[in-house]
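Each chain gets a letter, A, B and so on, in the order its sequence line appears, and its residues count up from 1.
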Amino acid sequence: MSAFRSDFLRTLSERGFIHQISDESGLDELFAKETVTAYIGFDPTASSLHAGGLIQIMMLHWMQQTGHRPVALMGGGTGMIGDPSFKDEARKLMTPETIQTNIDGIRKVFSNYLTFGEGPRDALMVNNADWLLPLNYLEFLRDVGRHFSVNRMLSFDSVKLRLDRDQSLSFLEFNYMILQAYDFVELNKRYGVRLQMGGSDQWGNIINGIDLGHRLGTPQLFALTSPLLTTASGAKMGKSLNGAVWLNPDMLSAYDFWQYWRNTEDADVGRFLKLYTTLPLDEAARLAALGGAEINEAKKMLATEVTAMLHGRDAAEQASETARKTFEEGITADTLPSVEVPRSAFINGIGILSLFVTSGLAASNGEARRHIQGGAVRLNDEPVSDDRRLITLDDLDQENGLKLSLGKKKHILVRPV
RNA sequence: GGAGGAGUGCCCGAGUGGUUAAAGGGGACGGACUGUAAAUCCGUUGGCUUAGCCUACGUUGGUUCGAAUCCAACCUCCUCCA
């Protein structure tokens with residue numbers, strides 16, 4: 001790995017963000033010499049980003065920290081198509097309404113990582129629907145489409161999977177890379193963007209943008225991709241105990257988010273500290289070097305730091321404290337995630353199965369029953385073996401309500417209201 | 001437009017008339033062991049008012065005592081030809 005002169009690339013490199021760069025020395029020189037504007041695109045495929053997208057956001061964050069101007073691009077236009085890169089089959093088309101809803105959901109998170117505004121180094125958020133939607137088909141084909149070789153596009157790894165699996169790649173999807181390339185050029189014209197960053201799966205798309213720039217006479221554009229992150233044991237990032245690790249607080253609580261990072265595999269701690277927190281490198285290295293059970297301290301630090309950036313320091317500390325009470329002291333913290341159940345339901349008694357379903361710990365009565373049969377269920381820390389168990393007012397603790405547990409890690413408070 | 005092939009549970013994939021809620025693998029979840037880790041081992045993996053009932057093998061009909069399995073039409077995809 002070469003030594004970078006610019007703060008930005010050096011930081012990214014030291015912290016493990018860099019997978020490929022189109023022209024290392026050229027880009028380094030640019031960053032060393034002037035304030036650079038770079039962008040990353042975010043597809044509105046869900047109403048929240050998840051942990052997998054954090055690495056991109058962190059790259060934008062470091063850009064701003066080292067004195068440059070990040071642009072977060074919402075794919076309101078490209079979302080009308082859906083990126084086929086490395087997908088083994090076509091995605092369902094999203095309606096314009098869904099896309100808009102998703103963009104509204106996604107955009108909120110960025111202000112925790114970036115400072116937006118009008119200044120030369122303030123971050124920008126733009127939506128490619130602004131220029132993609134009004135395009136005139138024939139004009140676009142003549143101005144932009146003629147620069148693309150279908151022969152070449154077919155040779156990209158990103159579509160290979162689809163072709164190899166004998167799955168259809170529709171013409172609609174085939175256009176995605178053209179539009180993304182056009183975005184790059186358009187962003188250069190509008191905001192002087194010189195660099196596009198993204199996950200390593202975006203390399204082909206970004207390179208297309210650079211090529212298009214050449215042909216349309218933009219200044220030299222650059223590509224920088226981050227590694228596709230998996231855990232040390234090979235799983236994709238972003239799955240938690242309760243599903244996806246969403247960034248939006250209404251989709252995943254700060255506590256559950258904290259728990260996700262707390263359960264990081266040993267072998268990932270060092271890497272994640274560098275990627276997902278802003279802790280100094282020597283501190284990250286020290287924490288990662290802790291051996292045996294000691295490394296749990298590093299995991300807590302990781303969890304608290306990552307959570308603090310997203311949900312705020314207070315929420316992170318509280319999540320940490322809730323976890324400490326729950327796992328280390330074995331007492332019921334009243335800050336555990338909770339569900340409210342009408343007090344009246346307990347008068348005649350509510351079945352343990354349906355309580356499990358309402359609390360979200362099980363998807364169906366059958367699943368709850370299987371968990372009970374498997375010995376995974378506890379009520380106020382008492383094992384439950386009877387799936388017909390009725391929960392009545394007598395089971396309620398006056399302070400906390402009722403603690404329902406599934407396995408060793410999932411706990412939820414049931415509050416009578 | 002013509003000829004041939006395919007569509008199975010979260011995913012991959014077996015299954016060509018009955019004992020099939022459907023082999024096997026993966027993933028996921030739970031248990032044991034640990035350190036709220038990994039690896040390993042064990043178990044579970046359609047719903048319900050659970051000795052029973054309901055829904056399910058692209059869709060809709062049909063044949064049959066009985067269909068994921070046979071027939072017809074339709075939809076989608078693949079391959080070759082035009």
field: Span that lies between the C1' atom of C12(B) and that of G52(B), in whole angstrom
entry: 34 Å

- prompt: Given G47(B), is OP1 or OP2 found less than 4.0 Å from the side-chain N or O atoms of Ser364(A)?
  reply: yes

Can you list, pair by pair, the side-chain donor-acceptor contacts under 3.5 Å of residues 147-154 of chain A, counting residues two or more places apart and other chains?
residue	atom	partner	partner atom	Å
His147(A)	NE2	Asp143(A)	O	3.3
Ser149(A)	OG	Asn151(A)	N	3.3
Ser149(A)	OG	Arg152(A)	N	3.0
Arg152(A)	NH2	Asp211(A)	OD2	2.7

- prompt: Would you say Lys300(A) reaches G35(B)'s phosphate, i.e. side-chain N/O to OP1/OP2 under 4.0 Å?
  reply: no

field: C1' atoms of G7(B) and G58(B), separation to the nearest Å
entry: 6 Å

query: Is a side-chain N or O of Asn248(A) found less than 3.5 angstrom from the main chain of Ser47(A), in a donor-acceptor match?
result: yes

message: Is there a side-chain contact between Asn263(A) and the phosphate of A38(B), meaning an N or O under 4.0 Å from OP1 or OP2?
response: no

field: Asp266(A) side chain, from C-beta outward: closest of G30(B), A37(B), A32(B)
entry: A37(B)

task: Give, for atom CG of Leu54(A) and atom CG of Leu247(A), the distance between the pair rounded to the nearest 0.5 Å.
output: 5.0 Å

field: Phosphate contact (G30(B) OP1 or OP2) by Lys410(A) side-chain N/O below 4.0 Å
entry: yes

Quiz item: Glu367(A) side-chain donor-acceptor pair to U44(B) base, under 3.5 Å: no

- prompt: For the side chain of Arg369(A) and the base of U50(B), is some donor closer than 3.5 Å to an acceptor across the two?
  reply: yes

